[in-house]
Each structure stands twice: as structure tokens, then as C-alpha cells.
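To keep things clear, I will list the structure first and then write my remarks on it.
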Amino acid sequence: MRELKIFAVVAFFSLLTYYLVEPYAHHEMHKKVDANGNEIIIKSHGFTYDGTDDIAEAERKGDAALVTKKKAFWSDVATVSKMTGNAAAGEAVFANCMACHNGANINMGGVIPPNLDHAGAIYDKNYLIALIKDPAMASNVDHKYADTSTHPMGSIKFTVSDNQQIADVVAYMQEHKAGEVTPKEAFTEACVRCHAVRYTKTTQIGETPKFKYKKDELAHEIKVIEEQDKVKAYMGNLPPDLSMMIRARGAHYLETFIENPQGQLPGTSMPRVGLNAEGYEKVKAYLSEAGDPSKKAREELGPWVIGFFIFFTILAFFWKKSMWRDLH
Amino acid sequence: MAHFEKANNLNEWLDQRIGLNTLKRVLNTEYWIPKDINFLWVMGMVLAATFGILVISGIFLLMYYKPDTNLAFDSVNYTIMSEVGYGWLWRHIHGVGASIVFLIIYIHMFTGIYYSSYKKGRELIWLSGMGLFVAFSAEAFSGYMLPWGQMSYWAGMVITNLFSGGSLEAYALVEWIRGDYVPGDAYLTRFFMLHVFLIPLVIIGLIVLHFGTLRLPHVNNQEGADIDYEEAAALYKAGKKKESKVIPFSPVFLSKDIFVMGVYFILFFYLVFYHFDFAMDPVNFDPANGLKTPAHIYPEWYFLWSYEILRPFSKDVGLIAFAISQVALFALPFIDRSPNVAPAHKRGLFQIWFWALLVIMITLTALGKLPPTDPLFAAMGLVFAVLFLLMGPALFIITMFEKKLEKGA
């Protein structure tokens, strides 16, 4: 049939154009290549951390000493990971953590130390071990610090240094600082010390309460600005508001960026936060709720509207048939 | 004063006052369309329907949108998307519609070129259609500014900069257009006015003109046959529908229209609900920031081919090539010297020219978005831009030598 042939030609050129300007062009635009011109494939490791990316990055830099250092560090992490931790013994070690991670919402050395109430549930075990061993190495921002002890959490080196202690405290967190966690809790603990979300009325110091008096509201605003200034001074720039991030970045970008910020944005001051798969799902759910709340309504309404037009088209087809019957 | 009698029903009452029955006859039941057509002939009505959808969805968005650089982004992304009931639906319809309308415009244009529908008395149809293309482009560009995201801001910056005229350095003109040194509040509010008032008005006027230009030369048909409309209409009215070469617009042509529109709306709403990303660039979900240039600045897909004609040349040559490419298609009826009105597959070399034009424009479209830092893409961009510019002279030469086809062939 001639009409179908014509339709096939139109569809072919439309789809070809779509392929070229969307998937193909975007791939070419965001392609990353190493010094030899080979494409660097950035992929997710399912939110587990063993230093593969970190070592590959050091290799690409051609820094042999750094490669050795990174390999040694992540192999130490693997060793501790195999040890059996004692949660009861870990509780005493955890008291050290509470000195800073106490929920007082006070900036220490650049940022507010995050609340650890669900640390065992939302962060990866290996990452927690790595973070306690060496915060800068674990979060893959060691290029920012001449010496790890200048990291805001650098003092951990002098308080918890024994491998068994690390295994114990991680075991404690996995047993007692876990449990059911909501998207909001996961997001607050993992992201909020640096990022605001104005669509959920959240700032670096947490959710903005309702104020009865303008004076109190302004006082709160000043507190927010002061905190933002500290974060800005520490990070080099104020980290972006995440309200629309779920739509401003694709699923692949978000996933790989959160797993290892240096992969997508080499040199960024954003540390790896070490979320595990469950933690990431919760954070993503929160971001979707803030930036794309109509997703559910969209998916529910879609079939009805499309179904209506299929029905409409079938009726129109028979009308057309009847109208054109005696024309040929 | 005409003679008025007591009307027995509303139809008669209206007929006496506005000639309703005459209107119906002239515009519908005795507006004759050739029978020898395919679904491509429906694209005009599909465009009219899509424009209608854009107007309706636009009206709903207009009730909540705030043209202010401090409020615009959040009024779209927060107020409309999460606070207004079904605001998300209207926005996605508007965004997808704005993109898809250009796909249909291009299909409509290439249909006209393929069947030589711009020739011999149909020149004004083509010219008014090209006028609509320009007006739709201006409408799309001004609309793209309104969400005030990163791409709104930076595309606005780049496009308004073109008016500096390269080495002419007419920065005063650029500032006059922007109302400021850089895109700001004055810029946003004037593009808002253009988008919701002046350009839609121009578009509606041009649509009326476009329909009007169609009336006397009539719609072309699949073979480019010269139909004696009076004879064919008389046959149809005498009941000899099989022998007649024409059909009335309503209800016969309309029934085909409605069916094709149904198919189109299935596709359209599939895109609205499940695949809207192609029409709503993720970069534009980052708020406008004059201090942070995005890594890649590119226009929406329908402007890419002309953008790519600008890019590969040096500044002044590029601007001249770009200016030529913007007006070149207007000249089509006058460059084509062929005596024939026939589909491309009957016009010898013209057929090759047609497919070459399509391939060149699609290639330019792709290259317009690919990074020019890649030497292969940059070289291809130059080659295809030059090829595009050569297509005009090529058409002139091949159609000069085109033989006249036998009547009825």
C-alpha cells in the first residue's frame, strides 16, 4: 500500500533525526577521553566501594606513587572488611564519634557533622571502614588536602586507628544505627549539610520552620546565610540547590556522580558520600518528590488519555471507510 | 437593507443575517479537494490542530507564569509543576507540542517540495507558508526564554549577539534588542509580550492568509494533474462520485483528516506522558546563571541545521551564509525553472536534488549538536554547509534543462 510506504519513509527519517540529535549527540557531547584518546566508560558499581575508580583515575594521571598509595589503602579496607566486628565493643568506640556527630547542628571546620542515626542503613560497609581509616581517601578528595589531618574529620586518625576498633564500630553502626529509614531522613543525613532544596523549604541547617514574627524569620535567614558562607568557604563555591536536580541530570549521570563525583566532574570539591544501593534509592525518591512530584499522576493518567485516542481513531477509521466507500 | 422574513429556526435566522448556508457551502460542502491524495495532505490540518493545542495549553500556563527573572523559573518548575492541578500536564503538552509542531512543519514543507506544490499559481501558498515558518520560529525562540533556565539564558545571549553583525560590531543594536547589556528583566518581559501576544497574532493572520492563498489555485494532487474543478464538481454533485476527480472538504476529506489526526494524537500523547525529555532539555532545569556558561550551548533540534551553517565559517562569512540560508527557501518557486508540476519521481534529476536536500539538512541538524572540537565533525560541518548553499544554484541549473512532461503522463 502506497500510504504505508510513504509513512515508512517519513517514520524512518524522523527516527533517524531523533537518534542523531538525542542519544548519539548526547553521547558524543559528554564523552570523556583519556590522554591517549580512548573513551573512559563511566559506569556504576551498584553502590559498592572497592577503590576501582580511584585507582584507575590515579593511573590515568600517571602518578605511580599515588597508584601505590590508593592500592594499599583499598586493600587495607578489604582486610578490615573481612574481620569480624564486635558491636558491643564498638559502642564504646562510637562514643568518640558522638563528640562531633551529635546532632547539635554546629559547623565544625567547614560543615556541620552529619547525623549518624541511620549510618548503618544508608552507607556501604566498606565505605564506612574507609572513611574511618582516612576520610579524604575514602571520599576521593585527597587531592584537596596536603595531609589528611587537615580534613574536618582528620582527627579520627588519632582517636580510632586500630583495625579491630574500626571493624567494631562499623559493626555497631550496622546493628544499632540502622533500621527503617525514610527518604527524607536519608536525604537529610547524606546531603543537607551542603545542599539546600528550596522546593521542600530545606536549607543547609535543615527544614525551615514556620515563624509567627517577621523578626524571627529574618534571624533564621541570617543563620542560614552564615552557615552558607562557611560551606562556601570550605567547598570553594556554594553547592547547588537540588530542587530540580532529578530533571536537570539524567538517571545515569546522577547515579554515577553520586557514587563517585570525580568520575563525572574531575577535580570537584564534592566528596563521595558512600551511599549504598538502598540509601541511593531513598535519596533519589526524595529528589523525585521535590523536583518531579507529578510522576505518579502522569503514569496513572497516561493510559487513559492514550486509550481514549485509540478508541477515537478506531471510530474515525470506520467513519472514513464509510465516507470513501463509493468514491473508487 | 436586505429583506428579512420571520425565521422558523436558528439556522434560517442566522442564514438571513450572515449567510450561514453560503458560508457552509463555500467553506465546507463545496470546497473541492482532489481525490488523488495521501495522508501527507492532512498535515496542514494537523498543524492547525497542534497550534490550537498550543494556544489552549498556553492560556492555562499564562495564568500562573510570572515574567520576572526572580520568579520565572520557580513559577514554572514549582508553581505550575507541583502546586497547580494538572499544571504538569499543560506544561508537558505545551513543551512537546512546541517541538512536534516543527516536525510536522518540516514534513509539510518537504511534501510541498516533493510534489512541486509551490509552482504555477501556488507561489503565494509557499511564501505565506514560509512566513508561518519564520513566525513559528520566532514564537519558539521567545517561548524558550520564558522558563529562565540555563539554556534559555545562554541561547538568548548567543542568538541576540548575532545582531551585532560580526565585524559591524553593532552592539548598540544588540543592547536595544535586549533592553540591557545582558539578558535580564527587561529582556524577559519583552520576549514574554512577543510570545503571548504579538507573534501569536501574526501567526493567526498568516494562517488566514495561507488558507486564502489556497482557494484559487486549489490543493495540489499526487500526480500534479491539472483538474477542471467546475467539471469535476458538477460530476460529483450529479452523483457520479467514482468518475469525479474531486471530493468535498466536508465531510469526505474531513473524515480522512480526523482519522489521521487520531493516529497523530496517539503518538503525541505517548510523547507527552512517557517521552517528553527530547522536548525539554535537562540543562534548562538549572536556573539561569550569568556567571556560569554551560559546557555546550545548542538550540532546539529544529534550529540546528541553520545553526550549523553559521558555525563552520569565520565570523563574517558565517553570518552571511546564515542569512542566506534563512531566506533561501523563500526563493524556491523562483529558482525552480521547470515547466512541470509533478511529483519528484517523475522529474528526473529533481528527484536526486530532493533527496540530497533532505539528507543534507538532516546531516546539518545532527552536526549542529555534535561538538565542533572533533576535527571530523568540524570538517563535515563545513562540507555540508557549502553543499547546502550550492543546492540553490544546482536547482536553477537542473530545472532549466528539465523537459516538459507530456500531459496526462
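Proteins come first, then strands; the chains are lettered A, B, ... in the order of their sequence lines, and each starts at number 1.
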Quick one: pull up CZ in B:F253 and CH2 in A:W324 and give me the separation to the nearest 0.5 Å.
-> 7.5 Å
Which residue out of B:G262, B:S255, B:G149 racks up the most heavy-atom pairs below 4.5 Å with chain A?
-> B:S255
Roughly how far apart are A:I310 CD1 and B:F265 CZ, rounded to 0.5 Å?
-> 14.5 Å
Contacting region of A:H27 [heavy-atom separation from chain B under 4.5 Å] | neither
Between B:Y274 and chain A, which part of the residue has a heavy atom less than 4.5 Å away: side chain, backbone, both or neither?
-> side chain
Of the backbone (N, CA, C, O) and the side chain (C-beta and beyond), which part of A:I314 lies under 4.5 Å from a heavy atom of chain B, both, or neither?
-> neither
Between A:F312, A:Y19, A:F318, A:F311, the one whose heavy-atom pairs under 4.5 Å with chain B are most numerous = A:F312
What residue in A:R198, A:K31, A:M245, A:H30 has the most heavy-atom pairs under 4.5 Å with chain B?
-> A:R198
Close side-chain approach of B:L103 to A:S14, heavy-atom, < 4.5 Å | yes
Are any of the side-chain heavy atoms of A:M244 and B:D74 separated by less than 4.5 Å?
-> no
Measuring heavy-atom distances to chain A, does B:Q222 have an atom under 4.5 Å in its side chain, in its backbone, in both, or in neither?
-> side chain
Take A:L301 and B:W88, measure what side-chain contact (heavy atoms from CB on, under 4.5 Å) needs, and give me the verdict at the end.
-> CA-CA 12 Å; A:L301 186 63; B:W88 57 270; 3.9 Å; yes
Does a sphere of radius 6.0 Å around OH in B:Y31 hold more than 12 heavy atoms from other residues, nucleotides or ligands, not counting ones at 6.0 Å or beyond?
-> yes
Examine whether an atom of A:V9 lies under 4.5 Å from a heavy atom of chain B, and if so say whether it belongs to the side chain, the backbone or both; otherwise answer neither.
-> side chain
Decide yes or no for A:V305 and B:L89: does some side-chain heavy atom of the first lie under 4.5 Å from some side-chain heavy atom of the second?
-> no
Heavy-atom distance under 4.5 Å to chain A: side chain of B:I107, backbone, both or neither?
-> side chain
Name the region of A:F13, side chain, backbone, both or neither, that has any atom closer than 4.5 Å to a heavy atom of chain B.
-> both
Going from OG1 on B:T373 to CE on A:M29, what distance comes out if it is rounded to the nearest 0.5 angstrom?
-> 11.0 Å
State whether the number of non-hydrogen atoms from other residues, nucleotides or ligands found under 6.0 Å of B:K245 atom NZ is greater than 12.
-> no
Side chain proximity check, B:L370 to A:Y24, heavy atoms < 4.5 angstrom = yes
Does the side chain of B:Y106 come within less than 4.5 Å of A:T17's, by heavy atoms?
-> no
Roughly how far, to the nearest 0.5 Å, is NZ of B:K256 from CE of A:M323?
-> 14.5 Å
Taking the side chain as every heavy atom from C-beta outward, state whether A:W319 and B:P251 have any pair of such atoms under 4.5 Å apart.
-> yes
Would you mind checking if A:E28 and B:K369 are paired as a salt bridge, meaning a charged N to carboxylate O distance below 4.0 Å?
-> no
Can you find a pair of side-chain heavy atoms, one from B:T365 and one from A:L20, that are under 4.5 Å apart?
-> no
Where on B:L367 is there a heavy atom nearer than 4.5 Å to chain A: the side chain, the backbone, both, or neither?
-> neither
Do B:M81 and A:Y199 touch side chain to side chain, with heavy atoms closer than 4.5 Å?
-> no
Between B:F273 and A:R298, what is the shortest heavy-atom contact and its length?
-> CD2-O, 3.4 Å
Any chance NZ of A:K295 has more than 12 other-residue heavy atoms, nucleotides or ligands included, within less than 6.0 Å?
-> no
Could you check A:F317 against B:V263 for side-chain contact (heavy atoms from CB on, under 4.5 Å), going step by step and ending with a plain yes or no?
-> CA-CA 10 Å; A:F317 177 74; B:V263 176; over 6 Å; no
Top of B:F268, B:Y298, B:Y236 for chain A proximity - count of heavy-atom pairs under 4.5 angstrom = B:Y298
Contacting moiety of A:P303, where chain B heavy atoms sit under 4.5 Å = both
What distance separates A:R247 CZ from B:F285 CZ, expressed to the nearest 0.5 Å?
-> 3.5 Å
Can you name the nearest heavy-atom pair linking B:I37 to A:E3, along with the distance?
-> O-OE2, 3.9 Å
Aromatic rings A:Y18 and B:H275: how do their planes relate, parallel, tilted or perpendicular, breaks at 30° and 60°?
-> perpendicular
In terms of heavy-atom pairs under 4.5 Å, which option from A:A316, A:A248, A:A290, A:S294 contacts chain B the most?
-> A:A248
Residue A:F7 excluded, over 12 heavy atoms near CZ under 6.0 Å = no
First locate atom OG1 of A:T313, then atom OH of B:Y264, and finally report the distance between them rounded to the nearest 0.5 Å.
-> 13.0 Å
Identify the two heavy atoms, one from A:D326 and one from B:K241, that lie closest to each other, and give their separation to 0.1 Å.
-> O-CB, 3.7 Å
So what's closer than 4.5 Å to chain B heavy atoms on A:V21: side chain, backbone, both or neither?
-> both
Is chain A contacted by the side chain of B:I247, its backbone, both, or neither, given a heavy-atom distance below 4.5 Å?
-> side chain
Kindly state whether the ring of B:F269 and the ring of A:F309 have centres lying under 6.0 angstrom apart.
-> yes
